[in-house]
Number of protein chains: 2
Amino acid sequence: MAKKKISESTIRRLSLYYRALSVLEKENHQTVSSKELAKREKLTPAQVRKDLSFFGSFGTRGLGYPVAELRNQVASILGINRLWKVALFGVGNIGSALVSYKEFARQGFRIVKLFDNDQRKIGSNHKGIIISDVRNMNKEIAEANVEIAVIAVPATVAQYIVDDVVDHGIKAILNFAPINLKVPDDVYLRNENMSMELEYLSFAMVNNHTQKRPKV
Amino acid sequence: MAKKKISESTIRRLSLYYRALSVLEKENHQTVSSKELAKREKLTPAQVRKDLSFFGSFGTRGLGYPVAELRNQVASILGINRLWKVALFGVGNIGSALVSYKEFARQGFRIVKLFDNDQRKIGSNHKGIIISDVRNMNKEIAEANVEIAVIAVPATVAQYIVDDVVDHGIKAILNFAPINLKVPDDVYLRNENMSMELEYLSFAMVNNHTQKRPKV
DNA sequence: CTCGGTTTGTGAACGTTTTCACATGTTTCC
DNA sequence: GGAAACATGTGAAAACGTTCACAAACCGAG
């Protein structure tokens, strides 16, 4: 594989393109220009073209990009043209919300396992999934072919859970706990820090921060 | 005001510093070096020093930074050394989770109003807050002195809600709907796109993407 | 089949952010 | 009180990401 260096920003923008293309397809557009695509996600046309050009030539000069086809291409680049099995740890406030979060399913992420350590929850059925005892993650993760773990447990126990999850061979983790988790180099870890954006708003307001286009 | 140009990344890292400093303070550390602070949030010491230097000289050579004091300074820079009143729109899966999300409260964001358009929810008490009819936002927002709106309604109606919210004078919006909202230039808008990070993981896995330190 | 209008793909220029490297200052220890 | 260790603050250099600008390619009309 070519292993060119793709920037994080580009990948994040690919998510936006994918979203916009899904809408365009639903709206029955056959083609779309970089200009229109840019407008829909508050980016610049040059940016759109440059991003896509890292992965190939998908457009036609004078015409634009074929919507349906480009959408498939982007899905394939992002790796979401398939099903990813996800295990969710911590069926609390955030965790329960994520189980029903339609957007995940729509993009091929299927939550197939729920884990908790609360005896009152274990064994009960939450939106069609039986909550398992986190201590049984060993065989259950393997049985279900889980590849991604979503961590929605309290910050105080997140590291322990992650250590276990890593021990059981999971290589991709999405963390909602407000803590910096340690994982080996070969494990992909992303953090979802919901207060960070609120803090950004707060900063902007108290500083009259003249905002550029948000960096995606 | 000096109006120096502070980058978005720097502000996002300030959130991380704040978090780390809170932990350090709880652990009774008097001072902390840029090295230690960097280690705790997977950054580099130079980055930490540079970021802080944009706002002043908070450290002592040979010693490091005074934990408690720096934490206050950072809070003050971020504008979270005060209470922000927040209204939440959409008491669905995500919305309900956010009401109980401790981290918001801990950083000075208090959800004081809940709005929905579902007659079955309106009037009911959700974690101590009565859910209001979204059509009454006019007087309720003003009465409660709300300054920040959190949007957790379905993507299909998000733009309508936001238009109203903006009409009623709100200048800061945190959006959880997976859609690109249009707001006037003087309104701060940030998006929380939870599937984006999952897509990043997916991309990384299918591409064996050699990951740098995630960009905050 | 040519012309005018479009729009891509992409090196090169530009701007921004990160990292480096070191002078400066503080503390600790003998 | 001097030396060694430590750690900040910051210009300058390097790396990185974005925008520019234009040649190349395609479309549709006449």
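As the structure is a computational prediction, the values presented were derived from the model and not from experiment. A, B, ... follow the sequence lines: proteins, then strands. Residue 1 opens every chain. As a basis for the values below, the full set of heavy atoms in this structure was taken, side chains included, without hydrogen atoms, waters or symmetry mates.
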Q: Please walk me through it: do Lys42(B) and Asn180(A) pass side chain to side chain contact (heavy atoms under 4.5 Å, CB included)?
A: CA-CA 8 Å; Lys42(B) 289 207 198 91; Asn180(A) 184 22; 3.2 Å; yes
Q: Given dT8(C), dT18(D), dC20(C), which nucleotide is nearest the side-chain atoms of Arg13(A)?
A: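 Nearest to the side-chain atoms of Arg13(A), counting from C-beta on, is dT18(D).
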Q: dT6(C) P sits how many Å from Leu37(A) CG, rounded?
A: 19 Å
Q: Looking for any heavy atom pair under 4.0 Å, which part of the strands does Thr10(B) touch: base, sugar-phosphate only, or nothing?
A: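 Thr10(B): no heavy atom of the nucleic acid under 4.0 Å.
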Q: When the nearest nucleotide of DNA chain D is assigned to Gln47(A) and to Lys35(B) on a heavy-atom basis, which residue is associated with the more 5' position?
A: Lys35(B)
Q: Round to the nearest Å and state the distance from Asp51(A) atom CG to dT8(C) atom P.
A: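 Taking CG of Asp51(A) and P of dT8(C), I get 13 Å after rounding.
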Q: Please give, in whole Å, the distance from dC26(D) P to Tyr65(A) OH?
A: 14 Å
Q: Rounded to whole angstrom units, what separation is found between the NZ atom of Lys50(A) and the P atom of dT18(D)?
A: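 Roughly 11 Å, once rounded to whole Å.
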Q: Please tell me if Ser7(B) has a side-chain N or O lying less than 4.0 Å from either OP1 or OP2 of dT16(C).
A: no
Q: Please work out whether the ring planes of Phe89(B) and Phe115(B) are parallel, tilted or perpendicular, with thresholds of 30° and 60°.
A: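 Plane angle under 30°, so parallel.
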Q: Closest approach to the side chain of Lys5(A), judged atom by atom: which nucleotide of dT18(D), dG9(D), dC16(D) is it?
A: dC16(D)
Q: Decide yes or no, distance alone: a donor-acceptor N/O pair under 3.5 angstrom between the base of dT7(C) and the side-chain of Arg61(A).
A: no
Q: OP1, OP2 of dT26(C) versus side-chain N and O of Thr60(B): anything below 4.0 Å?
A: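 Checking dT26(C) against Thr60(B), no side-chain N or O comes under 4.0 Å of OP1 or OP2.
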Q: Take the protein atom CZ of Phe58(A) and the nucleotide atom P of dC26(D), then report the distance between them rounded to whole Å.
A: 17 Å
Q: Within this structure, what is the CD-to-P distance between Glu8(A) and dT18(D), rounded to whole angstrom?
A: 11 Å
Q: What I'd like to find out is whether the side chain of Asn193(B) reaches to under 4.5 Å of the side chain of Leu16(A), using heavy atoms alone.
A: yes
Q: Return the value, rounded to whole Å, for the distance between atom CZ of Phe55(A) and atom C1' of dT8(C).
A: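 One finds 17 Å between C1' of dT8(C) and CZ of Phe55(A), rounded.
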Q: Parallel under 30°, tilted from 30 to 60°, perpendicular over 60°: which one fits the rings of Phe203(A) and Phe55(B)?
A: perpendicular
Q: Taking atom C1' of dT19(D) as reference, at what distance in whole Å does atom CG of Leu43(A) sit?
A: 13 Å
Q: What's the closest nucleotide to the side chain of Leu63(A) if the choices are dT16(C), dC27(D), dA25(D)?
A: dC27(D)
Q: If you compare every side-chain N and O of Thr44(B) against the phosphate oxygens of dT19(C) (OP1, OP2), does one of them come in below 4.0 Å?
A: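 Checking Thr44(B) against dT19(C): at least one side-chain N or O falls below 4.0 Å of OP1 or OP2.
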Q: Ion pair present between Glu103(B) and Arg19(B), side-chain N to carboxylate O less than 4.0 angstrom?
A: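 Between Arg19(B) and Glu103(B) there is no salt bridge, as every charged N stays at least 4.0 Å from the carboxylate O atoms.
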